[in-house]
Structure formats: structure tokens, C-alpha cells
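First the proteins, then the strands, lettered A, B, ... as listed; each starts at 1. In this text, all values refer to a predicted model and were calculated from it rather than measured experimentally.
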Amino acid sequence: MTRTRVRDLAEATGAEVVLKGWLYNRRSSKKFHFLLLRDGSGIVQCVVNRDEFDEQQFTEIGKIPYESAIEICGIANSDDRAPGGVEIHANSVECLCIAEEYPISKQEHGPDFLLSHRHLWLRSRKQVALMHIRDEVIRTIRDEMHARGFTCIDAPIFTPTACEGTSTLFEVDYFEDEKAYLTQSGQLYMEAAAMALGDVYCLGPTFRAEKSKTRRHLTEFWMFEPEMAFADLDDVMSLIEGLLSRIVERVLEHCREELEVLERDIEKLEKVQSPFPRITYTEAVERMNAEGHSFEWGGDLGAPDESVISSWYDSPVLVHRYPEEVKAFYMKRDPQDSRLAMGVDVLAPEGYGEIIGGGQREDDLDSLVGRIQEHGLSEEDFRWYLDLRRYGSVPHGGFGLGVERTICWLSGVDHVRECVPFPRMLYRIYP
RNA sequence: UCCCCGGUAGCUCAACUGGCAGAGUAGGUGACUGUUAAUCACUUGGUUGUUGGUUCGAAUCCAACCCGGGGAGCCA
């Protein structure tokens, strides 16, 4: 008999099923054991009636340690008394592997303990829910980009130079005569790919050797980076809006239960509606100052400033046209105002901060060479990148979306470390 | 790198002004007529992060170090 997954039990009521999983919890009385079986797709209560088992068997079932691997055979019944509305009337309970005393209990644990037991913590209900949401977000991105005619192009992980010349990079000592680094962005490669295939994207890990210790930072995080040929800042913003609203829509549609397990305020997500607010950096600075949150034009927005701006709206807000000094060398200048860069950052609602950074790229060779010099970067390092402006340069742009930050916001959890299966952070690489 | 906070039982924490190191939970034993973090009774469990100092006496005060958490900067 093939096994049934817990998530499919609703269609199996009345039938005999075989379930395989782990013992999540047990409640017992004289006459019954209530076993909660967890199989990754869900949790179901299995009722073991003393009258239907022999004495020794019944006693042993009452002693199976938590997280032991078990196989239960029985009839699936709908029953209002069972959590989830379906329960199994067990005919047999087999212990496939007796677990040692399981370190993670139902009570709350501290972050240090949980992170050191991440390989086990992942089994917890909320963590399973988060991984389902992560899967939904990533799949939505791929589906949506495919539907929009984008081609998935993988960017390299080893790079010969900094992509942006800003963040601290991880140096890799392997390639002869040349330093190599772990990538901090696939963007420059996506620009090359866009000139080959039109609309492209990459989705993969990126690395930042910053000594950042906050709830929004990971040392290794996943980034989704689309890049479009023949596109300007408005096209970039339209894509952001379309994609983000689609992600919210799909998570609400397919991850209801997960959001409930996480005790997410679903109304807040339902309020996310396009069109998203768009505001220029200058407008944002003016409004902040008008409201008494003093901020001087020209500086980059810090975390507290971002919270103020996002608090004005229910949907993610697109802040665009920043002072060029605070943005990367490859950003195109605003033709209307050369002090501005054609960049856009997206701030998630509820104070979750920046989830996207992007914009229109500089497509003019001479301007780009000048910018590289101004930033003190080596022209030689960017020879190939400059080639893209020598051979059929066109207006183009794109953005980078922080996958974990996006999941963090959608799920309403308070730290990105829970949004990736095995987080890598400052001072933490185990397990 | 800087600022703040913390480290006591497997886990979550308490222990007032320096005076016998405790509770809940997990584990064990037993009870309980369908439990919902089940409940109830009993019970095992300690080098108080490390090193040194002050003191009759240190989990508590001091110093250094180690480990972790939150935040800033920087970023997605």
C-alpha cells in the first residue's frame, strides 16, 4: 500500500491509509494515545484506542520518544475534535527509528540554541511554514518571469572584481596570479546577458563580507536580479510593481495555512495593492522634514528614515531619483537633473526596510568611463563591461530583490535568519 | 569597527543590598473515560561562560578574556 501525505488526507476520508513521518507530539489518557504525526506536508492526529491493541503494544506506543520515525496504518476520518478536522483511527503503529531525547521542546528557545540546532529547528512548524513560503516566492518569481518572456541566466559565483566597488568581498585564494572574490551581485553579468537575450534574470546566492549584525543582514543571501534591454526607469518600476503584487497574491492564495501558523496579520498583506506609491527621493526628504523628522538632502537614507517613509503607506513604496553621490557608478544620471541618479529602492511596509534596489544603467561609453574614474575604479577591470557600451549599447535597467528580506516581510517574522534554510551570518556558520 | 544587553539544570528563566542555588519545562515512575502546549502526583538533574582579584563568605562586586543577542554604519 502506497503511503499518503498528510496534506492529501482530506480526499481520503473513509479510506485506509498508510502514513510515514515523525512523532511530533503525544497526549495520552488511560484509554487513548493521541499521536501527532508530522510528515513535512502537515500534521495529523492519530488515535490509538487501548481496546484495539494488546496491553504491551499500547504501553510501548505511549513511550515512543518525540521525533522518532513512525509508520501508522489506519482509517482516515473527519472529526471536529481533531486539529485540522481529519484524524486517523490507527490500526497499527510501527516505530521505524527510536529517537534519542529530542533537544527542541514545545517551549520557547533562545536564538543561540535554535541556530546551533538549525538542522533540527527546521522541523518545527513555523520553520516548515517559512520554507513553504520561500518555495512559493521563488516559484512565483520563476513562473512570472517565464510568463513575461525572460530567460534565466545564471551569473558566476567567482568574480575577478567587485561588481559595485563598495561592499567588502570574500577573497578566494585559488586562481593563479589573480585575486578572486565571491560575487556580491550578478548584475553586471546580467547586463551582458540582456544584450544577448533581451530580457534575463538570475536567482542565486550572493556574499557580503560586511560586519553587519542586524535582523536584516545575512552574510550569504539569495538575490533575484532581472535585467531588461531597451528599458528605462519607468519600465523597471513597472516590473517591480507587477512582480511584487503577483508574489503577494500567490502567497495569499497558496500559503494561507502557513501564514496562520506564523500568526501573520493577513489583513496587512491584503492591503498591498497596485499601483504602488512612487515618490522621488527629494519628495521623501521634503515630507520627512515637514513632519519634523529632520533629514538633509544629499545623504543616503538610513534604517530609521526608511521606517518613516514606509509608514506612510500600506503597500511597498518605490523611492526613486537619488542623489548620484550615494548610488553606484553604473547608474544613469537623470537627463532632467544631473545631480540625480535614475535609481529606485523599494521599501517594504511595516518597517521591513529595503527589499529591492535597482534602476536604469549608464549606457553611454564616455559617461561610464568618467564615472569609473571618479569612483577610483580600474578601467582595466571593467574592460568587458565597457565593451557592452561599444557594441550596440541600448538603454537598459533592472533590479536586485533580496529573497530573504522579501520572505521576512511576507511572513512577518522578525529576522531574515529564519527565511533561509541554513543561515550564514557574522559569527555563525554551523551547522 | 563602534554602542547597548546577556551568559545559572538538556531547555526557558528566578535567586532583593554579598549570606544554604530554585521554579517551570524536558527526561523517569505512576494516575487519569476523546486529549488539544492535555492534566495531576512523585522523581533524576548544577565546575553559576573562563581566568584572576576583593572578602570570613561571590551566581551576585572588580578586571581581563571568550561566546552570543540587538542596533549603528553599509547594504538586498
Side-chain angles (χ1 to χ4, degrees), chain A residues 24-36 43 45-51 59 62-63 65-67 77 79-85 87 89 99-117 120-121 124-125 163-169 184-187 203 205-225 240 299-307 326-328 344-348 352-358 399-409 414-417 419-420 425-428 430:
Chain A
Y24 183 71
N25 201 2
R26 171 182 43 241
R27 295 179 284 267
S28 298
S29 67
K30 188 169 193 177
K31 219 179 149 187
F32 297 98
H33 290 306
F34 297 94
L35 307 179
L36 294 187
I43 295 174
Q45 171 166 286
C46 306
V47 184
V48 179
N49 190 328
R50 178 171 225 142
D51 297 342
T59 307
K63 288 179 178 173
Y66 291 147
E67 286 302 320
N77 295 318
D79 192 313
D80 293 339
R81 293 171 296 182
E87 69 177 16
H89 184 107
E100 290 179 28
E101 188 182 326
Y102 193 63
I104 298 180
S105 58
K106 299 291 171 284
Q107 71 175 294
E108 288 212 4
H109 293 278
D112 184 32
F113 176 81
L114 288 172
L115 289 166
S116 298
H117 293 82
L120 302 177
W121 185 25
S124 305
R125 216 166 183 170
C163 290
E164 305 186 17
T166 52
S167 320
T168 319
L169 301 176
Q184 55 167 337
S185 164
Q187 181 203 313
L203 176 54
T206 50
F207 309 86
R208 304 277 165 95
E210 296 286 349
K211 303 284 185 200
S212 300
K213 267 182 70 140
T214 82
R215 67 184 66 203
R216 299 182 305 280
H217 286 90
L218 291 169
T219 298
E220 176 184 313
F221 67 96
W222 282 60
M223 192 148 65
F224 160 63
E225 294 176 280
I240 289 172
D300 203 0
L301 300 172
D305 314 311
E306 290 178 355
S307 294
V326 304
K327 289 293 174 190
V344 56
D345 283 358
V346 178
L347 309 178
Y352 278 92
E354 185 181 344
I355 54 171
I356 284 177
F399 61 89
L401 173 144
V403 172
E404 288 79 12
R405 283 188 181 178
T406 302
I407 296 165
C408 193
W409 157 55
D414 63 6
H415 202 302
V416 287
R417 66 187 164 209
C419 300
V420 63
M425 298 179 292
L426 188 61
Y427 308 138
R428 198 173 280 281
Y430 177 91

Does a nitrogen or oxygen in the side chain of [X] sit under 4.0 Å from OP1 or OP2 of [N]?
X       : N       : value
R428(A) : rG69(B) : yes
H415(A) : rG70(B) : yes
K30(A)  : rC32(B) : yes
R216(A) : rA72(B) : yes

Closest non-hydrogen atom pair, [X] against [Y]:
X       : Y       : result
E225(A) : G400(A) : CG-CA, 3.7 Å
Y24(A)  : K106(A) : O-NZ, 3.1 Å
A348(A) : I355(A) : CB-CG2, 3.9 Å
R216(A) : A303(A) : NH2-CB, 3.6 Å
D79(A)  : E87(A)  : OD2-OE2, 3.3 Å
N25(A)  : Y66(A)  : OD1-OH, 2.9 Å

Atom [atom1] of [X] and atom [atom2] of [N]: how far apart are they, to the nearest Å?
X       : N       : atom1 : atom2 : answer
F113(A) : rC67(B) : CZ    : C1'   : 16 Å
D300(A) : rA72(B) : CG    : P     : 14 Å
H217(A) : rG69(B) : NE2   : P     : 15 Å
L426(A) : rG70(B) : CG    : P     : 11 Å
E101(A) : rA26(B) : CD    : P     : 11 Å
I355(A) : rA76(B) : CD1   : C1'   : 9 Å
H89(A)  : rU35(B) : NE2   : C1'   : 15 Å
D345(A) : rA76(B) : CG    : C1'   : 9 Å

Determine the Euclidean distance between corresponding [atom1] atoms of [M] and [N]; express it in Å to zero decimal places.
N       : M       : atom1 : answer
rU60(B) : rG69(B) : C1'   : 22 Å
rC65(B) : rA58(B) : P     : 24 Å
rU54(B) : rA64(B) : C1'   : 15 Å
rA9(B)  : rU47(B) : P     : 9 Å
rG28(B) : rU44(B) : P     : 15 Å
rG46(B) : rC20(B) : C1'   : 15 Å
rA63(B) : rG70(B) : P     : 26 Å
rU25(B) : rG45(B) : C1'   : 13 Å

Legend entry - D80(A) or K211(A), whichever maps to the more 5' nucleotide of RNA chain B: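 The 5'-side residue here is K211(A).
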Inset, instruction - Using heavy atoms to find the nearest nucleotide of RNA chain B for D414(A) and V346(A) separately, return the residue whose nucleotide is more 5′. - result: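 Its nearest nucleotide being more 5', the pick is D414(A).
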Taking donor-acceptor contacts at under 3.5 Å, does the side chain of [X] reach the base of [N]?
X       : N       : value
K213(A) : rG69(B) : yes
E87(A)  : rG34(B) : yes
S212(A) : rC75(B) : no
S105(A) : rG10(B) : no
R405(A) : rC75(B) : yes
E210(A) : rG73(B) : no
E354(A) : rC75(B) : no
H109(A) : rC11(B) : no

Inset, instruction - Under 3.5 Å for both distances, Watson-Crick or G-U wobble, that's the pair rule; now give the dot-bracket for RNA chain B, with | marking pairs to another strand and [ ] for crossing ones. - result: (((((((..((((.....[..)))).(((((.......))))).....(((((..]....))))))))))))....
Legend entry - Validation row: L426(A), E210(A) side chains within 4.5 angstrom (heavy atoms):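 They are not in contact (no side-chain heavy atoms under 4.5 Å apart), so the answer is no.
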Legend entry - F32(A) vs N49(A) side-chain heavy atoms within contact, under 4.5 Å: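 Side-chain contact under 4.5 Å: yes.
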Inset, instruction - Indicate whether any N or O donor in one side chain lies under 3.5 Å from an N or O acceptor in the other, for R81(A) and Q45(A). - result: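 Side chains of R81(A) and Q45(A): no pair found under 3.5 Å.
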At 4.0 Å (heavy atoms only), tell me whether [X] reaches a base, stays on the sugar-phosphate, or touches nothing.
X       : value
I104(A) : nothing
P83(A)  : base
S28(A)  : base
E108(A) : sugar-phosphate
N49(A)  : nothing
Q45(A)  : base
G353(A) : nothing
R125(A) : nothing
Y66(A)  : sugar-phosphate

Inset, instruction - Return yes if some donor-acceptor pair links the side-chain N/O of R50(A) with the main-chain N/O of K30(A) below 3.5 Å, else return no. - result: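 Checking the backbone N and O of K30(A) against the side chain of R50(A), a donor-acceptor pair under 3.5 Å is found.
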Of all the nucleotides listed ([options]), which has the minimum atom distance to the side chain of [X]?
X       : options                   : value
F32(A)  : rA72(B), rG34(B), rU29(B) : rG34(B)
S29(A)  : rU25(B), rG34(B), rG70(B) : rG34(B)
L218(A) : rU25(B), rU35(B), rA76(B) : rA76(B)
R208(A) : rC75(B), rU35(B), rG71(B) : rC75(B)

Inset, instruction - Apply the side-chain contact (heavy atoms from CB on, under 4.5 Å) test between V416(A) and each candidate in R215(A), H217(A), R405(A); give the one that qualifies. - result: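 The residue from R215(A), H217(A), R405(A) that satisfies side-chain contact (heavy atoms from CB on, under 4.5 Å) with V416(A) turns out to be R405(A).
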Legend entry - Face-to-face stacking of Y427(A) with rG68(B), centres under 5.5 angstrom, angle under 30°: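 It does not: the two rings, one from Y427(A) and one from rG68(B), miss the stacking criterion.
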Inset, instruction - Fit a plane to each ring of H109(A) and F113(A), take the angle between them on a 0 to 90° scale, and name the class: parallel (under 30°), tilted (30 to 60°) or perpendicular (over 60°). - result: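 Taking F113(A) first and then H109(A), their aromatic rings lie parallel (interplane angle under 30°).
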